[in-house]
> 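One structure, as structure tokens, below. Some questions next.
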Protein chains: 2
Amino acid sequence: MYAKGRLKREEILDVALEVFADEGYRGTSLRTVAARCGLTVAGVMHYFDSREDLLTQVIVRRDQTGRPIYHDAPRTLAENVKGNAERPGLVELFVSLTAAAHDREHPAHEVLAHRYAGLRATLSADVVERQEAGELPSHLDPDAIARLIIATADGAQLQWMVDDEARLEGPLSTLLYDVLGLPRP
Amino acid sequence: MYAKGRLKREEILDVALEVFADEGYRGTSLRTVAARCGLTVAGVMHYFDSREDLLTQVIVRRDQTGRPIYHDAPRTLAENVKGNAERPGLVELFVSLTAAAHDREHPAHEVLAHRYAGLRATLSADVVERQEAGELPSHLDPDAIARLIIATADGAQLQWMVDDEARLEGPLSTLLYDVLGLPRP
DNA sequence: GTCTATACGACGATAGAC
DNA sequence: GTCTATCGTCGTATAGAC
């Protein structure tokens, strides 16, 4: 059967997302995921090349099911960031995976590179629009600003890992509304 | 002997830093480190509570041997960030450790929290100085700006992990010089 | 205090039967 | 498509030599 396999694969990904959201990146094993799916480890591995591949596909699926970022890119990005605050395990997964993806052979390398490129293009186009509307100074390089916005959103996650008082969306808000002077939503 | 142990401990830390800088966070094991020190695993573990503790002490030592950040904090921070570009394994180690340190029981939790707090205080004081000198608008919250600067520096590391074209110090330069309008060094 | 030897359980991965 | 069986490696723990 074809459809059954696809469904099972998606079930595994959903379970894995749940497990990793609960217990974090280092805390969980394939055996835990397998048990919650009613499978053995080998059964899970039928669908994925490796543990790291499974982790990668988890965030791929997360991207697919989540809302895309089109209009008012900075604002929807900020909302996404804020939403992550309720799933600490997912933030940990994303950060750990990014670190591991530094290896070009890692299954997440291409995925994350593509993700960054897309986000950068969307944000950059948004900056250009706002410059034409006079909302942002025209001397700023749109691509550099896009990179800055992404770095801010990501870096806030690192601080938030360790500092309880930090708000996940804090630095991004500071940048967008206080420093760049965009209109508050 | 007392001094010998301290020396051996530091040798282990230096070797570990080298190994992790070469092979990354996930790629290396205690056995590799031990072998390069002419010790067994248990010999290494005499000095550290766990593998994660060893990793934590590596970055503690790194902080101690590095230059502290006093005057013109943003600039020295930018130089530090730029210097990391030559040691990708260390950036990977730092990011992975931060993710793991989300667990309050992790040995790096306190260390990183303290490190962030110190950096924030230094940067925040620097912002206040510049506000008094008229270099920065006074309506900005110094602590929020400090958090923004740190987030930018850290987030740039995440992007850089995956994107070869990204410059590690790029986003921080954009923020400090193009957006905040600080004088270029 | 410094270090070796040895053992343990859990892990990711693979081969082959059904 | 899923299993059982097995492998090598990992971090960790303990007992004890020097």
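Within every chain, numbering begins at 1; the chains are lettered A, B, ... in the order of the sequence lines, protein sequences first and strands thereafter.
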> Where along residues 40-59 of chain B does a heavy atom fall under 4.0 Å from DNA chain C?
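Heavy-atom cutoff 4.0 Å gives B:Thr40, B:Ala42, B:Gly43, B:His46, B:Tyr47.
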
> Does B:Arg75 have more than 12 heavy atoms from other residues, nucleotides or ligands lying within 6.0 Å of its CZ?
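Counting neighbours around CZ of B:Arg75, 12 or fewer heavy atoms of other residues, nucleotides or ligands fall under 6.0 Å, so no.
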
> Would you mind checking if A:Arg26 and B:Asp103 are paired as a salt bridge, meaning a charged N to carboxylate O distance below 4.0 Å?
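No.
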
> Do B:Leu140 and A:Leu148 belong to the same hydrophobic cluster, where Ile, Leu, Val, Met, Phe, Trp and Tyr are linked whenever their side-chain heavy atoms lie under 4.5 Å apart, directly or via other members?
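In one cluster with B:Leu140: A:Leu148, yes.
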
> Keeping B:Lys8 on the side-chain end and B:Ala3 on the backbone end, is there a donor-acceptor pair under 3.5 Å?
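No; zero donor-acceptor contacts below 3.5 Å.
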
> Just checking, B:Arg51 and B:Phe20: is the charged tip under 6.0 Å from the six-membered ring centre and within 45° of the axis?
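No, B:Arg51 and B:Phe20 do not form such a contact.
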
> When the axes are fitted on five pairs at both termini, how much does the helix from C:dG1-D:dC18 to C:dC18-D:dG1 curve, in 10° steps?
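One end's axis against the other's: 10°.
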
> Whole angstrom is fine here: how far is it from CZ in A:Arg26 over to P in D:dC10?
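The answer, rounded to whole Å, is 17 Å.
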
> Side-chain heavy atoms nearer than 4.5 Å, only ILVMFWY residues, links allowed to pass through others: does that put B:Leu172 and B:Leu182 together?
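Yes, same cluster.
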
> Tell me the interatomic distance from B:Lys4, atom NZ, to D:dC18, atom C1', rounded to whole angstroms.
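Atom-to-atom, B:Lys4 to D:dC18, this comes out as 11 Å.
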
> Please state how far atom CD in B:Glu23 lies from atom P in D:dT9, giving the value in whole angstrom units.
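Checked: the CD to P distance equals 15 Å.
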
> Please report, rounded to the nearest Å, how far the C1' atom of D:dG11 is from the OH atom of B:Tyr25.
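B:Tyr25 atom OH is separated from D:dG11 atom C1' by 12 Å.
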
> Going by an N to O cut-off under 4.0 Å, is there a salt bridge joining A:Arg130 and A:Asp72?
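Between A:Asp72 and A:Arg130 there is a salt bridge, with a charged N closer than 4.0 Å to a carboxylate O.
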
> Side chain of B:Arg31, heavy atoms from C-beta onward: which of C:dG12, C:dA7, C:dC3 has the nearest atom to it?
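The listed nucleotide nearest to B:Arg31's side chain is C:dA7.
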
> What is the distance, rounded to the nearest whole Å, between atom CZ of B:Arg9 and atom P of C:dC3?
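So the two atoms are 13 Å apart, to the nearest Å.
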
> Separation of B:Leu39 atom CG from D:dA17 atom C1', in whole Å?
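From B:Leu39 CG to D:dA17 C1': 16 Å.
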
> Checking A:Tyr116 against A:Asp154: is there a side-chain donor and acceptor pair closer than 3.5 Å?
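Per modelled atom types, A:Asp154 and A:Tyr116 side chains form a pair under 3.5 Å.
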
> State plainly whether the residues B:Glu23 and B:Arg36 are in salt-bridge range, i.e. N to O under 4.0 Å.
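Answer for the salt bridge query: yes.
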
> Return the value, rounded to whole Å, for the distance between atom CG of B:Leu30 and atom C1' of C:dA10.
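The distance from CG of B:Leu30 to C1' of C:dA10 comes to 15 Å, rounded to the nearest Å.
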
